[in-house]
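A quick write-up on the structure given underneath.
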Protein chains: 2
Amino acid sequence: MNASPPAAKKPRTRIQKKNRKTILDAALDVFSQNGFRGSTLDQIARAAGLSKPNLLYYFPSKEAIHVELLSCLMDTWLDPLRALDPAGEPKREILSYVRRKLGMSRDYPRESRLFANEILQGAPRIRKAIRGELKDLVDEKAEVIRGWSARGAIARVNPHHLIFSIWALTQHYADFDVQVRLILEDRESDPFPEAERYLETLFDKLLTP
Amino acid sequence: MNASPPAAKKPRTRIQKKNRKTILDAALDVFSQNGFRGSTLDQIARAAGLSKPNLLYYFPSKEAIHVELLSCLMDTWLDPLRALDPAGEPKREILSYVRRKLGMSRDYPRESRLFANEILQGAPRIRKAIRGELKDLVDEKAEVIRGWSARGAIARVNPHHLIFSIWALTQHYADFDVQVRLILEDRESDPFPEAERYLETLFDKLLTP
DNA sequence: AAGGAGTTTTACCAATTGGTCAGAAAGACG
DNA sequence: CGTCTTTCTGACCAATTGGTAAAACTCCTT
């Protein structure tokens with residue numbers, strides 16, 4: 001009797017699980033390239049190999065797909081920072097964070113661009129998560145870094161801006177990938193190895209007291 | 001007799017000059033916030049205080065407005081790097097460039113976001129300018145930096161990635177402004193002064209041999 | 001004041017958009 | 001096999017989109 005969509009909740013059947021995944025993957029492709037308003041359900045449907053009404057059988061609306069993507073993303077996105085260990089060796093911890101974050105740009109560029117698009121447009125759909133989860137985590141880890149800084153384990157730096165700089169430098173290689181590759185066209189076919197070396201020396205020098 | 005639009009060329013009358021400027025400014029607002037496909041002529045018209053057909057009297061199409069904005073932008077955008085003086089004191093030159101570029105993020109955030117949006121979407125409309133003008137200028141200045149590096153005036157760094165890092169770090173404060181402000185909400189009402197201090201020490205340490 | 005160029009508006013269009021609905025097809029299961 | 005649920009489709013819709021046509025208005029020049 002109840003043939004209505006699963007209301008974007010727990011998928012029950014195998015088919016639902018598979019198709020929801022297909023849709024989200026296709027949507028990630030499309031949204032990350034065109035932004036929310038620039039993407040159409042038809043594009044997503046085509047990319048997913050499904051019909052448009054079929055998309056809307058699995059998700060109640062275009063926005064619901066986008067929201068689902070963003071909320072899944074936020075967790076993955078924070079993982080590298082979460083792993084920063086207050087008990088570890090300070091400089092090594094931060095350098096590992098940089099390496100992990102650069103790895104995310106290399107391996108999940110679509111996610112990075114989706115996030116960038118959302119922020120660029122004023123973060124209408126994830127303001128809350130930024131002021132909440134993200135800010136809390138950042139404040140917590142900034143405090144850890146401040147401690148390291150204060151006891152002389154690393155140089156004195158503004159912890160919040162240190163974190164911003166790690167984000168900026170690593171995400172740049174995902175979000176501005178096209179530009180980077182166009183400029184390096186005749187030098188490096190894959191910018192990431194050189195980027196890793198460069199960022200390592202940069203943060204090493206910055207953090208050495 | 002000829003009442004057709006001025007074909008996006010030199011404005012002749014005062015009214016044309018004024019209205020074209022108004023339109024471009026409104027379009028910059030809208031495009032920088034929503035991207036090309038996410039923006040509508042109605043939004044731009046409303047922001048400019050004109051009717052939609054009136055917009056299309058001054059510009060032949062939505063795309064023409066966007067292209068005009070981008071080509072105007074490219075020049076302004078390259079100015080800070082152009083000003084990097086091969087004859088100047090190396091470290092001071094680079095630090096000045098960083099300061100100029102950060103100033104652009106502070107004073108022209110809309111332009112920065114317009115550019116970011118375009119790159120994020122694969123740079124369909126400025127590929128040529130990137131491979132041409134931009135790449136040429138970057139290669140030229142990278143060579144200058146390489147020279148400084150080689151003769152020991154600054155530390156050994158990959159010049160291209162140095163330039164990328166300056167872009168990434170400075171543009172971050174324009175493109176991700178919302179995020180930065182949300183996270184610093186209870187600390188800094190204006191992130192830029194602290195950002196300038198932070199970036200100065202970062203590049204100072206990086207470039208000191 | 002008249003004429004014509006330059007400017008603006010009203011009314012409109014075809015295409016695309018997100019979304020709905022009734023029913024057809026496909027499984028699942030006894 | 002038959003029945004019930006889940007999955008999918010074609011036809012459709014109202015709203016929005018970029019863009020046009022032509023008439024109307026404004027303003028400068030003579």
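Quick caveat: nothing in here was measured; it's all calculated off a predicted structure. Each chain gets a letter, A, B and so on, in the order the sequences are listed, and its residues count up from 1.
Atoms CZ (Arg20(A)) and P (dT7(D)) sit 12 Å apart, rounded to a whole Å. Lys17(A) has its NZ atom 17 Å from the C1' atom of dT7(D), to the nearest Å. Distance, Ile44(B) CD1 to dG19(D) C1': 13 Å, rounded to whole Å. Rounded to whole angstrom, the span from the CG atom of Leu50(B) across to the P atom of dT10(C) amounts to 13 Å. Across the protein-nucleic acid pair, Asn54(B) atom CG and dC25(D) atom C1' stand 12 Å apart, rounded to whole Å. Whole-Å rounding puts the Tyr58(B) OH to dT8(C) C1' distance at 8 Å. The distance from atom CD1 of Ile15(B) to atom C1' of dA5(C) is 11 Å, rounded to the nearest whole Å. Distance OH (Tyr57(B)) to C1' (dC25(D)): 13 Å, rounded to an integer number of Å.
Asp139(A) has a carboxylate O that lies under 4.0 Å from a charged side-chain N of Arg187(B), or vice versa, which qualifies the two as a salt bridge. By the 4.0 Å N-to-carboxylate-O rule, Glu200(B) lies close enough to Arg99(B) to be salt-bridged with it. Salt-bridge formation is detected for the pair Lys52(B)/Asp42(B): a Lys NZ or Arg NE/NH1/NH2 atom is positioned less than 4.0 Å from an Asp or Glu carboxylate oxygen.
Contact annotation: Asn19(A) reaches the phosphate of dC8(D) (side-chain N/O to OP1 or OP2, under 4.0 Å). When the side-chain nitrogen and oxygen atoms of Gln16(A) are compared with OP1 and OP2 of dT6(D), none of them lie within a distance under 4.0 Å. Considering only side-chain N and O atoms, Ser51(B) lies under 4.0 angstrom from the phosphate OP1 or OP2 of dT9(C).
Aromatic ring centroids of His161(A) and Tyr173(B) lie under 6.0 Å apart.
Looking at Ser112(A), its side chain never comes within 3.5 Å of a backbone N or O of Tyr108(A) through a donor-acceptor pair.
Between Glu185(B) and Ile130(A) there is no side-chain heavy-atom pair separated by less than 4.5 Å. A heavy-atom distance below 4.5 Å is found between the side chains of Gln171(B) and Lys101(B).
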* In the 5'-to-3' direction, what one-character label does each nucleotide of nucleotides 13-20 of chain C receive under the scheme B = base within less than 4.0 Å of a protein heavy atom, S = sugar-phosphate only, - = no such atom? -> ----SBBB
